[in-house]
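These notes concern the structure reproduced below.
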Amino acid sequence: MKRKLQNLLEFYKSIAFFNFLCSLLVAILINVESGFYYFIGVGFLLSLGIFELQNKKDYLFYSNNGLSKLYLILFSFGCNILVGISFFTLFRLFENV
């Protein structure tokens, strides 16, 4: 169980890095709120597509550890929503201070 969670988090980290960079660029160029929406939606899909193109063979590693591609994507999307909403909420709290 611990190994599966570590593998899930490793997969999420590999997708979240590029997503964060793209979302930060959108936040700087447009506005912060758009950056958060981009992080949750479009940025995630773009990062997932890039991972698919560059690291297609990595799915075999995750599959051998009992994690399907669908499970990896759903877990990562759930984490992405939680992280995005958390940062958005913190930003709103500190914006009013």
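We count residues from 1, following the sequence as given.
Under the 4.5 Å side-chain contact rule for hydrophobic residues, Val42 and Ile81 do not share a cluster. Residues Ile15 and Leu25 are members of separate hydrophobic clusters, defined by side-chain heavy-atom contacts under 4.5 angstrom among Ile, Leu, Val, Met, Phe, Trp and Tyr. No path of Ile, Leu, Val, Met, Phe, Trp and Tyr side chains, each step under 4.5 Å between heavy atoms, connects Phe20 with Ile50, placing them in separate hydrophobic clusters. Note on Leu45 and Ile85: same hydrophobic cluster, where clusters join Ile, Leu, Val, Met, Phe, Trp and Tyr whose side-chain heavy atoms are under 4.5 Å apart, directly or indirectly. Side-chain heavy atoms closer than 4.5 Å link hydrophobic residues (I, L, V, M, F, W, Y) into clusters, and following such links, even through other members, never connects Leu21 to Leu46.
For the side-chain hydrogen bond (donor to acceptor under 3.5 Å, both in side chains) condition, the pairs that include at least one residue of residues 18-39, sequence neighbours left out, are Asn19-Ser23, Asn19-Asn80, Asn31-Ser34, Glu33-Tyr37, Glu33-Arg92.
Aromatic ring centres of Phe77 and Phe44 lie closer together than 6.0 Å.
Rounding to the nearest 0.5 Å places CG of Leu8 at 11.0 Å from CD of Glu10. Annotation: the span from Ile73 atom CD1 to Leu67 atom CG amounts to 12.0 Å, rounded to 0.5 Å. Note that CG of Leu48 and CZ of Phe18 are 12.0 Å apart. Values are rounded to the nearest 0.5 Å.
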**OP:** Please step through side chain to side chain contact (heavy atoms under 4.5 Å, CB included) for the pair Phe39 and Leu24, ending with a clear verdict.
**Re:** CA-CA 8 Å; Phe39 180 79; Leu24 185 62; over 6 Å; no
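Using cut-offs of 30° and 60° for the angle between ring planes, the Tyr59 and Phe11 rings count as tilted.
Nearest heavy atom pair, residue Lys4 against residue Asn65, reads CE-O, 3.5 Å.
Dense packing is recorded around CZ of Phe75, with more than 12 heavy atoms of other residues, nucleotides or ligands lying under 6.0 Å away.
Side-chain contact between Ser14 and Asn55: absent, with no pair of heavy atoms (C-beta onward) separated by less than 4.5 Å. Here the side chains of Ile40 and Phe88 are not in contact, with every heavy-atom distance at 4.5 Å or above.
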